[in-house]
Amino acid sequence: MTAAHADPLGQAQPDGSGRPASSDHAVKIRTQHLSRVVKGVAIVDDVSVDVFHQEVMAVVGPSGAGKTSFLRLINRLDEPTRGTVYLDGVDYRTIPPRELRRRVGMVMQFPYLFPGTVADNIRFAPRQRGEEIRDEEIDRLLAQVDLPGYRERDVSQLSGGEAQRVSLARTLANSPEVLLLDEPTSALDDKAKASVEALIVRIIREQKLTCLIVTHDNAQALRMANRAMVMEKGRLVAVGPVQEVLGAESVLP
Amino acid sequence: MLNQFFHEPIALGLAQAAAVTLLSLGVMFLARYQNIRLEREILVALARGFLQVVAVGSVLVFVLQGPWALGLLVLLIMLVAAAFTAKRRVTTIPQALTVALLGIGVGAGTVILSMTWLGVIDPALTSLIPVGSMIIANAMNTCTLALERFRAEVESHTGLIEAGLALGADPRAIVRPYVQAAVQASMIPRIDSLRSLGIVWIPGLMAGMILSGTDPVYAAIYQFVIIAMIFATSGITALVSVLAVRGRIFTPAEQLILRP
């Protein structure tokens with residue numbers, strides 16, 4: 001599999017090695033001719049791909065290939081200039097943006113925590129829809145990201161790895177169905193990188209999340225993902241089981 | 001001394017202008033003595049300033065004798081010119097002209113109309129036009145300050161704002177701290193001018209009224225009235241401008257448009 005299929009359904013019948021462990025093979029996210037042109041440059045160019053329920057899809061490729069831009073189209077932080085995304089078969093343009101972004105959570109390269117305490121950050125998203133999250137619930141979320149007892153810490157006192165865990169807990173407070181991860185460990189040192197990565201893998205499995213992870217680290221893609229999609233100059237150039245795709249050295253530096 | 005020789009106001013004015021021109025030329029020669037060569041600029045600036053201000057004065061001769069509606073027309077033209085000037089300074093802001101027109105129009109408009117109706121501003125054109133122009137000019141400065149600050153705050157917090165959007169937050173709630181910062185920042189000069197009134201500076205209007213023979217206490221009170229009106233104008237302008245721009249930095253699908 002070295003070329004993008006014209007028929008996205010063609011990717012639904014791989015040899016099986018890259019398929020999610022779940023018996024549910026429904027398509028969770030389908031991008032159809034997804035494109036974004038900015039000032040005449042196609043930063044995402046006609047990408048059609050299916051991501052299955054509970055699957056982890058790695059998005060790989062050289063820097064500037066449009067990986068982050070692709071991810072930002074999936075929760076509609078940017079508007080496609082052509083094509084669209086289907087979430088559970090529903091065109092996402094018919095879903096109110098705030099609802100879409102609660103269901104399709106995103107963790108960015110930098111944590112971007114709001115000034116205040118850890119608890120303030122975790123309360124933020126539920127409060128947006130008028131829900132007050134209880135302290136026990138905050139503690140449960142913090143335990144999930146291995147930060148017990150951090151509830152009243154000021155975010156300015158956190159290390160990079162701790163801040164990224166709070167950012168993850170903050171997103172999980174929305175109970176998302178899909179998690180978009182944009183190089184979530186690239187700003188961390190090696191030790192924090194390994195533990196945050198292990199944490200993410202555990203949470204994806206436990207919460208049965210569907211996940212797209214942008215990474216420039218092939219080893220990380222191999223550790224975390226079922227399948228991988230390779231982007232180059234905004235285009236999808238390969239998609240398939242992660243070992244197979246990343247084994248094809250011709251497509252990666 | 002000059003008034004012993006000149007009795008006509010225009011002739012007296014010209015004589016006075018000639019006197020200060022001589023003074024300025026003296027300064028020019030002093031500068032030249034120090035090898036500061038500004039003759040050309042000084043001469044051009046003197047001539048230009050004189051002609052401009054006399055031209056405006058001549059136009060005012062006709063305008064001030066005109067009907068009340070003419071005054072409103074003049075203020076309206078000033079208002080549009082102010083909005084264009086403000087817009088030019090904040091080009092990256094989407095629909096800057098509309099935002100500036102709204103902010104300056106609502107701010108200056110509310111204060112000028114309500115205060116004229118109340119009789120705080122004399123509806124005579126000799127008072128309405130100069131006072132109105134002061135209010136509009138201040139609305140313009142506030143509008144520029146507020147929009148510029150809001151733009152800077154948003155552009156330096158795009159990561160936080162998009163993190164908020166990605167969490168499914170209301171865009172208006174996310175930018176609330178930047179709305180507050182922008183309105184506060186643009187109001188500070190007005191608060192300072194109220195606070196230092198009379199101590200640090202005797203403003204031009206009060207000086208002018210005293211020069212033209214008004215009772216200094218009334219001139220002082222009226223100067224306070226002017227500064228307070230400018231303060232009110234600034235508050236309305238800043239709020240309206242920033243609230244108007246707040247909705248315009250996001251698309252209908254709640255995507256952030258304003259980026260560095």
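Order of the sequence lines sets the chain letters (A, B, ...), proteins ahead of strands, with each chain counted from 1.
Using modelled atom types, one finds no donor on one side chain facing an acceptor on the other under 3.5 Å when comparing B:T233 with B:R190. Side-chain contact, A:S156 with A:D154: a donor N or O sits under 3.5 Å from an acceptor N or O. For the 3.5 Å distance criterion, the side chains of A:Q144 and A:Q207 qualify, holding a donor opposite an acceptor.
What you find for A:F52 and A:T210 is that their closest heavy atoms are O-CG2, 3.3 Å.
For a residue to count as touching a neighbouring chain, one of its non-hydrogen atoms must lie under 4.5 Å from one of that chain's; by this rule A:L113 touches chain B with the backbone only. For B:A173, the part sitting under 4.5 Å from any heavy atom of chain A is the side chain, from C-beta outward, and nothing else.
Residues A:M224 and A:T215 form no side-chain contact, since every pair of their non-hydrogen atoms from C-beta on lies 4.5 Å or further apart. Side-chain atoms of B:M229 and B:I121, non-hydrogen and from C-beta on, do get closer than 4.5 Å to each other. Counting only heavy atoms from C-beta outward, the side chains of A:R151 and A:V118 never approach each other to under 4.5 Å. When side chains are defined from C-beta on, A:L172 counts as touching A:L209, because their heavy atoms get closer than 4.5 Å.
The stretch residues 105-112 of chain A places A:M106, A:M108, A:Y112 near chain B, each with some heavy atom under 4.5 Å from a heavy atom of that chain. Chain B is approached within less than 4.5 Å, heavy atom to heavy atom, by A:F124, A:A125, A:Q128 from residues 120-143 of chain A, ordered by number. Contacts between residues 77-91 of chain A and chain B, counted as heavy-atom pairs separated by less than 4.5 Å, involve A:L77, A:D78, A:E79. Listed in order of number, the residues of residues 132-161 of chain B that approach chain A to under 4.5 Å between heavy atoms are B:G159, B:L160.
A:R36 contributes no side-chain N or O that, together with a main-chain N or O of A:V44, makes up a donor-acceptor pair within less than 3.5 Å. With hydrogens and angles ignored, the 3.5 Å screen pairs no side-chain donor or acceptor of B:T91 with any backbone N or O of B:R88. No donor-acceptor distance shorter than 3.5 angstrom exists from the side chain of B:R248 to the backbone of B:P94, with no hydrogens or angles considered. Checked by atom type and distance alone, the side chain of A:K67 never pairs as donor or acceptor with a backbone atom of A:M231 at under 3.5 Å. Of the possible donor and acceptor atoms, none in the side chain of A:S48 sits under 3.5 Å from a partner among the backbone N and O of A:Q32. Counting only distance, with no hydrogens or angles, the side chain of A:R101 and the backbone of A:R76 share a donor-acceptor pair below 3.5 Å.
The pair A:E55-A:K28 does not count as a salt bridge, with every side-chain nitrogen at least 4.0 angstrom from each carboxylate oxygen.
For B:K87, the NZ atom counts as loosely surrounded, since its 6.0 Å shell holds 12 or fewer non-hydrogen atoms of other residues, nucleotides or ligands. Taking a 6.0 Å sphere around CZ of B:R172, one finds it holds 12 or fewer heavy atoms contributed by other residues, nucleotides or ligands.
Each of A:R72, A:R93, A:E99 has some count of heavy-atom pairs under 4.5 Å with chain B, and the biggest count is that of A:R72. With respect to chain A, the highest number of heavy-atom pairs below 4.5 Å among B:A169, B:G164, B:A163 belongs to B:A169. Of the listed residues (B:T251, B:L165, B:L256), the one with the most heavy-atom contacts under 4.5 Å to chain A is B:L165.
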Worksheet item: Please walk me through it: do A:T185 and A:E197 pass side-chain hydrogen bond (donor to acceptor under 3.5 Å, both in side chains)?
Response: CA-CA 7 Å; A:T185 62; A:E197 184 190 300; 5.3 Å; no
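For A:R165 and A:Y150, the positive end is not near the middle of the six-membered ring at less than 6.0 Å and at most 45° from its axis.
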